[in-house]
Amino acid sequence: MSDYAYTGMDKEEIDTPALLIDLDVLEKNIKTMADYYRGKKGAALRPHQKGHRLPIIAKKQIVVGAKGVSMTSLGLAEYYVNCGVTDVLITSEIYGRNKIRRLCSLSKHADVTVGVDNVENVRQLAEAALANRTKINVAIELYMGMGSCGVEIEEVKSFAKEILKSKGVNFKGLWWHQGALGGIRSWKERKMAHFETLGEVAILKDELEDVGIGVEMLSGGYTCTWNITPEHPRLSNVEVQAGSYVFNDWCSHEIEGLEVFDYALTVLTRCISTPKPSQALFDFGINSCSDEATHDYHSVVGPKFKNLEGVKEVHQREELSMAIFEKPSREIKVGDVFELIPPHADTTAKSHDKYYCIRNNKVEAIWLNYGRGLF
Ligand SMILES: Cc1ncc(COP(=O)(O)O)c(C=O)c1O
């Protein structure tokens, strides 16, 4: 089955609902980030891939300076390595005999580092690596409060010593994800909270190095700290796992204050009915456009219509949605297409098999979303 989309077709002709990338905006977002990091000693980019899951975007990020990539799932890491993106931090712990075997195999072909926070897991990784004649790179995940995996900072030194005793693994360093920072709206307060963590990490790094434990990798920070992490006075080369900046979504925009990155991802939808003057139905639903907020997956907030004022309410069902309007800024006619800015780009992107890449209102490329569903 095919929708017979082709490059060169008009955006309005694409079968809806459809996932669109505005290529000019995507390229601008990637450039804005890369320009800021060029020449910075304090930090480097290791962009997170869990949102778009597209190696072609990773390649664009690497070409302009990213030192590697990060992602949460082993399956996605395998896919990226197959596509030639070979410097990967897996921001998760890996369990299960078969997954560990897959990790061993991947370690033979790429510079892959995986998170650890448990001695038993390290033992499993080391045993499997030795049996498979390889070595697995590990980085200790630091505990960042409720919802985070990881080891408390005070326990890192003794854990690192245990890791060093294991022959099948190679200790690379430390990584962390302080997810709560995105919810701190004041940039000054967010900076204070982030610097507090970076200060603790700096002390920890010194303590480890004082006892002869080399810390090659320090990886923390993400889009909401993009212009904070590099400024820390004591640390250098901290890897910033920024992900959402490539597409952005309205929640990151409004909650995290990331207006500098524009909306590159939208969902194209068609009006299919106007049963009452103030009501219209559209062919999108939660199966094609997420409805939850980036930082609180329980809050239903819904998408926003791009370039359309006067939308009072949006009620999403699985496949269709109803919007209520009050003095809309453009006419709402059946058959017309509209674009939606999702509240959460990552969960929207994973609902589609393909991305339609648009420039000058035409389809310039179609990128198949092979990365979705890889775990
Ligand atoms: C471990 C880790 N690193 C980086 C990120 C990227 O965050 P953002 O997309 O806000 O840059 C996430 C997002 O959840 C994450 O879980």
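Both counts, for ligands and for their atoms, begin at 1 and track the order of listing.
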Counting each atom of ligand 1 from 1 as listed, which ones have a heavy atom of Gln241 under 4.0 Å away?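 What qualifies from ligand 1 is 1 (C), 2 (C), 3 (N), 4 (C), 5 (C), 6 (C), 11 (O).
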
Distance under 4.0 Å to a non-hydrogen atom of Ala242: what atoms of ligand 1 satisfy this?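 The list of qualifying atoms is 11 (O).
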
Nearest heavy atom to atom 16 (O) of ligand 1: which of Glu141, Met144, His177, Gln49 does it belong to?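 Looking at heavy atoms only, His177 sits closest to atom 16 (O) of ligand 1.
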
How far is [atom] from its nearest protein heavy atom, and which residue and atom name does that atom have?
atom	result
atom 13 (C) of ligand 1	Lys50 CE, 2.8 Å
atom 11 (O) of ligand 1	Thr223 OG1, 2.5 Å
atom 9 (O) of ligand 1	Ser244 N, 2.8 Å
atom 7 (O) of ligand 1	Tyr222 CD1, 3.4 Å

Could you give the distance from NZ (Lys67) to CZ (Arg46), rounded to the nearest 0.5 Å?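 With rounding to 0.5 Å, NZ (Lys67) is 6.0 Å from CZ (Arg46).
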
Look at the side chain of Arg359 and the backbone N and O of Asp22, then say whether any donor-acceptor pair between them is shorter than 3.5 Å.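 No, the answer is negative, given that no donor and acceptor are paired below the 3.5 Å cut-off.
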
Would you please name every residue forming a ring pair (Phe, Tyr, Trp, His ring centres under 6.0 Å) with Phe325, sequence neighbours left out?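 Applying ring pair (Phe, Tyr, Trp, His ring centres under 6.0 Å) to Phe325 gives none.
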
Only pairs under 3.5 Å count here: list side-chain donor-acceptor contacts from residues 242-249, not counting sequence neighbours, and write none if there are none.
residue: Ser244; atom: OG; partner: Thr223; partner atom: OG1; Å: 3.3
residue: Tyr245; atom: OH; partner: Gln61; partner atom: NE2; Å: 2.9
residue: Asn248; atom: ND2; partner: Leu258; partner atom: O; Å: 3.2
residue: Asn248; atom: ND2; partner: Phe261; partner atom: O; Å: 2.6
residue: Asp249; atom: OD1; partner: Cys251; partner atom: N; Å: 3.4
residue: Asp249; atom: OD1; partner: Ser252; partner atom: N; Å: 2.8
residue: Asp249; atom: OD1; partner: Ser252; partner atom: OG; Å: 2.7
residue: Asp249; atom: OD1; partner: Thr294; partner atom: OG1; Å: 3.3
residue: Asp249; atom: OD2; partner: Ala345; partner atom: N; Å: 2.9

Does a sphere of radius 6.0 Å around CG in Asn98 hold more than 12 heavy atoms from other residues, nucleotides or ligands, not counting ones at 6.0 Å or beyond?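 Buried by this count: over 12 neighbours within 6.0 Å.
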
Ionic contact status for Asp336 with Arg270, cut-off 4.0 Å: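 The answer is no: the pair does not qualify as a salt bridge.
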
